[in-house]
Every structure is written in structure tokens, then in C-alpha cells.
Number of protein chains: 2
Amino acid sequence: MSARLDAQMAFLMEADKLKAIIRATRNHDGRFENSAEHSWHLALFALVLGEHAPEGIDLARVIRMLLIHDLVEIDAGDAPIFGEVDETAMARAEQAAATRLFGLLPPDQGAELLALWQEFEQNETPDAVFAKSLDRFQPPNLNLASGGGSWTDYNVDFPTFEARLAPKIRRGAPALWDWLRPRVHGFLTGRG
Amino acid sequence: MSARLDAQMAFLMEADKLKAIIRATRNHDGRFENSAEHSWHLALFALVLGEHAPEGIDLARVIRMLLIHDLVEIDAGDAPIFGEVDETAMARAEQAAATRLFGLLPPDQGAELLALWQEFEQNETPDAVFAKSLDRFQPPNLNLASGGGSWTDYNVDFPTFEARLAPKIRRGAPALWDWLRPRVHGFLTGRG
């Protein structure tokens, strides 16, 4: 039992490093968000917005998925949605990170969380699709709150925003997209 | 439906401010932890360590509780465990904060989350007692990882640590206390 707890604690203390992974989005106060506080914020989004998900999702499972979804960034880093990324290389790096990180856990538990992370990445089950939609829905709201954030940094206009984000958010959370779209449209077309 | 979502989003964006509340504990890299990333780390502790809880807890509920447990600090601030605090004034400030923050939500949802937060604070149900024990178990592990952390800042010796923390951690998570005690003992008595 002690060896089992040793392994669990090694994983949890390694996970602490997610607090040092910096994202492209800014919080209210202008500081760049880190991936640990982002994961908390997303889990809270799920807790509060679960009623807007398509029927049939398991919200407790969505929350667990969101708590672990970014851990691979400890090794692979964060890929900003408006940046240029070699997606094949990124997927390979994230897979290796998942194997290493979840491999710190007792084998049964590591396999379970690795499968949950892979389900999120594959973005096919209702739980994963809703979780992914929230992951795309939260940053535009931070950009609105911080006066532009990554839209300003990456020179993003409304058509680019809509082309990149609409399919991802609408797929798992159509009501949230309908709420968000006019707000972002007003913000991005109202600027100089 | 739109008014309901407006209220939920007002709450979620106000919650963003928890990322700016600084705790007395340091992460691996020496930076002081904020209460949002702390809440994420605790929810992950619950997810991974649930099997060490006394029987009969509802882990999904514990996770929801931990996700919201520190929101009141947005108004009331964080009270370090080894600091001097006027507990009556703090409890009053936190109650007012909870009323304001959960009051941003649609009434049914606000009442539900306020009750969940109050259950955590009252520390009587098995779910709350386990959640509180995790909240006390995580910081010593960060202190061990960061070379002393708040023990150094507050000049804490082992008897003080044990008197302050043992009852709180052992109550909801005796196996975690048994694992932690010798590690902290070795660290705090092995120093100069």
C-alpha cells in the first residue's frame, strides 16, 4: 500500500510543474494564464455550464477529463490556437509525455487516466466533445475580459476567429457558441 | 435561457480573479502558489487519492467542493495556516463573499453551490472532512518539494507542525497522515 501511495504522490508532485506552463491567453489582470489555473477554470466552466451540453454526457467524467487534459504540456509545452504548429510532431510529443506522466502512477490507475486523456484527444465521445468545446470556449471570454489578449498579439480578425473556433465550439456546445458569437463580433469589428 | 447564461458567465468571469489570490505556499519553482492553481492541484489530489478516503464518500462531490472551496478568497483573501488570524472576522468576511459570489448565479444554482461551500466550511459530512483533509495535506508536500517553503517563512518546527496539522489531516485521511508524518519529521528535525 505504501508503494502505491509513493507512486501516486510522485505523480501528483510532478503534476505541480503544470503551474509553470504559460499559455497565450491573459487573465483579467493581464498576466498570462498558466495551464494549471486554466484547467481549474475549465473544470469550473463544466460544473456551471453542464446544463448547456447535449444530452447524455457524464459531467463528473467531463470534469475529471478537464483536470488532466493539459498535463502532457509539462513535457510538450502549450500550442497556441492562433500560432503555427507542426501537428504531427506535437501529437507525437504529447503521446510520449502521456506515457511518461501517467506511467508514474500505479499501473491500473495510470492506464485508466491515460485512456481518459486519449479519449479527450480523440474528440469523438460526447464527453470528450463537450470537454473540448469548453477548452475552446473559455479563451475568447478571457480575451473579451482582458481587452483583446491573444487576438491582439496574433492579429486575429473576426473571420479568422470564426473559421478557427466556430466548428470546435459549436460541435459540443452550440448554445455557448450562439451566446459568444455576437460578443466577439462586436468586439473584433468595433475596433479601429 | 440567455439571461440564465448571462448570469453563469458573470460568475465564471468573476471567478477568474481567484488566479490573483496569492497563498503562503510555494510551488516547485519557488513562486508563491495562487488559489486557482491550488484548487486545481487539490482536485487532482482527490481524483488520484480517493481510494485512501474512509468509505462512503462521493468523490465527484468532493471534487466539485474543492473546485469552489476557495472562491470566497476573491473578497476575503487567504489566511495562511501558520499566520495569526481573527477567525470570527474571517468567517464573517467569507460568508459575505459567498453570498455575493454565488449570488451572481441563477438562484437555483447559486443556492446549490452556496450550500456545497457551507458544507465544506462546516467540516462535518464525510465528503467535507475528506476534502478539508486534502486541503491540509497538499501544502506540506509542496513545502517538502520546495525546500521548506512556508515552514521556513513562519519558523515552524516539527511539534508546531504536528500539533497544527495532525488532527486535521488524520481526521479525513489517516493513511495520508501516516505517509506524510515521517517525511516531515525527517525534514524538520534534520535541519541545522
Side-chain angles (χ1 to χ4, degrees), chain A residues 1-2 4-9 11-20 27-29 31 33-49 51-52 58-61 63-64 66-68 70-71 105-106 109 113 116 137-138 141-142 144-146 175-176 178-180 183, chain B residues 1-2 4-9 11-20 27-29 31 33-49 51-52 58-61 63-64 66-68 70-71 105-106 109 113 116 137-138 141-142 144-146 175-176 178-180 183:
Chain A
M1 190 52 143
S2 175
R4 189 167 169 87
L5 187 45
D6 288 349
Q8 292 167 326
M9 290 306 300
F11 170 81
L12 287 170
M13 297 315 292
E14 184 70 13
D16 183 79
K17 294 180 183 167
L18 194 63
K19 300 170 187 170
N27 300 324
H28 266 94
D29 61 5
R31 178 173 63 78
E33 191 185 33
N34 72 56
S35 292
E37 61 197 6
H38 167 70
S39 299
W40 165 77
H41 209 186
L42 276 192
L44 195 65
F45 269 58
L47 195 162
V48 169
L49 301 176
E51 69 194 53
H52 305 287
D58 176 342
L59 197 62
R61 228 169 145 262
I63 289 173
R64 289 202 300 278
L66 289 169
L67 290 172
I68 64 160
D70 268 347
L71 283 172
L105 286 164
Q109 199 169 30
L113 291 189
L116 192 66
F137 175 68
Q138 181 250 14
N141 283 291
L142 280 191
L144 288 171
S146 67
L176 300 185
D178 291 344
W179 183 89
L180 180 65
R183 287 168 171 80
Chain B
M1 190 51 145
S2 177
R4 189 166 168 88
L5 187 44
D6 288 349
Q8 291 168 327
M9 290 307 299
F11 170 81
L12 287 169
M13 298 314 293
E14 183 70 12
D16 184 79
K17 295 180 182 168
L18 194 63
K19 302 171 186 170
N27 300 323
H28 265 95
D29 60 5
R31 177 173 63 78
E33 191 185 35
N34 71 56
S35 292
E37 59 196 8
H38 167 70
S39 298
W40 166 76
H41 208 186
L42 275 192
L44 194 65
F45 269 58
L47 195 162
V48 168
L49 300 177
E51 68 194 53
H52 304 287
D58 177 341
L59 197 61
R61 226 167 148 265
I63 288 173
R64 290 202 300 278
L66 289 169
L67 290 172
I68 64 160
D70 268 348
L71 283 171
L105 286 164
Q109 199 169 30
L113 292 189
L116 192 65
F137 175 67
Q138 182 249 15
N141 282 290
L142 280 191
L144 288 171
S146 66
L176 300 185
D178 291 345
W179 183 89
L180 180 66
R183 288 168 172 79

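Here is how names work: the chains are called A, B, and so on, in the same order as the sequence lines, proteins then strands, and each is numbered from 1.
Interface remark: A/L71 contributes side-chain atoms only to the contact with chain B (heavy atom separation under 4.5 Å). For A/A43, the parts lying under 4.5 angstrom from a heavy atom of chain B are both the backbone and the side chain. B/A175 touches chain A through its backbone: at least one of N, CA, C or O sits under 4.5 Å from a heavy atom, while the side chain does not. Residue B/L144: no heavy atom, backbone or side chain, is found under 4.5 Å from chain A. Residue contact with chain A, scored on non-hydrogen atoms closer than 4.5 Å, involves the side chain of B/Q109 exclusively.
The choice from A/H38, A/K19, A/Q138 that makes the most heavy-atom pairs within less than 4.5 Å of chain B is A/K19. In terms of non-hydrogen atom pairs under 4.5 Å with chain A, the most contact-rich of B/N141, B/I68, B/I63 is B/N141. In terms of non-hydrogen atom pairs under 4.5 Å with chain A, the most contact-rich of B/L113, B/L142, B/L176, B/D29 is B/L142.
A 4.5 Å side-chain heavy-atom check between B/M9 and A/F45 finds at least one atom pair inside the cut-off. In this structure, the side chains of A/R31 and B/N34 come closer than 4.5 Å at one or more pairs of heavy atoms. Side chains of A/L67 and B/L67 form a contact here, defined as non-hydrogen atoms less than 4.5 Å apart.
Within the model, atoms CD of A/E37 and CG of B/L18 stand 9.5 Å from one another, a figure rounded to the nearest 0.5 Å. For the atom pair CH2 (B/W40) and CG (A/L44), the distance works out to 16.0 Å, reported to the nearest 0.5 Å.
Side-chain atoms of A/H41 do not come within 3.5 Å of backbone N or O of B/A15 as any donor-acceptor pair.
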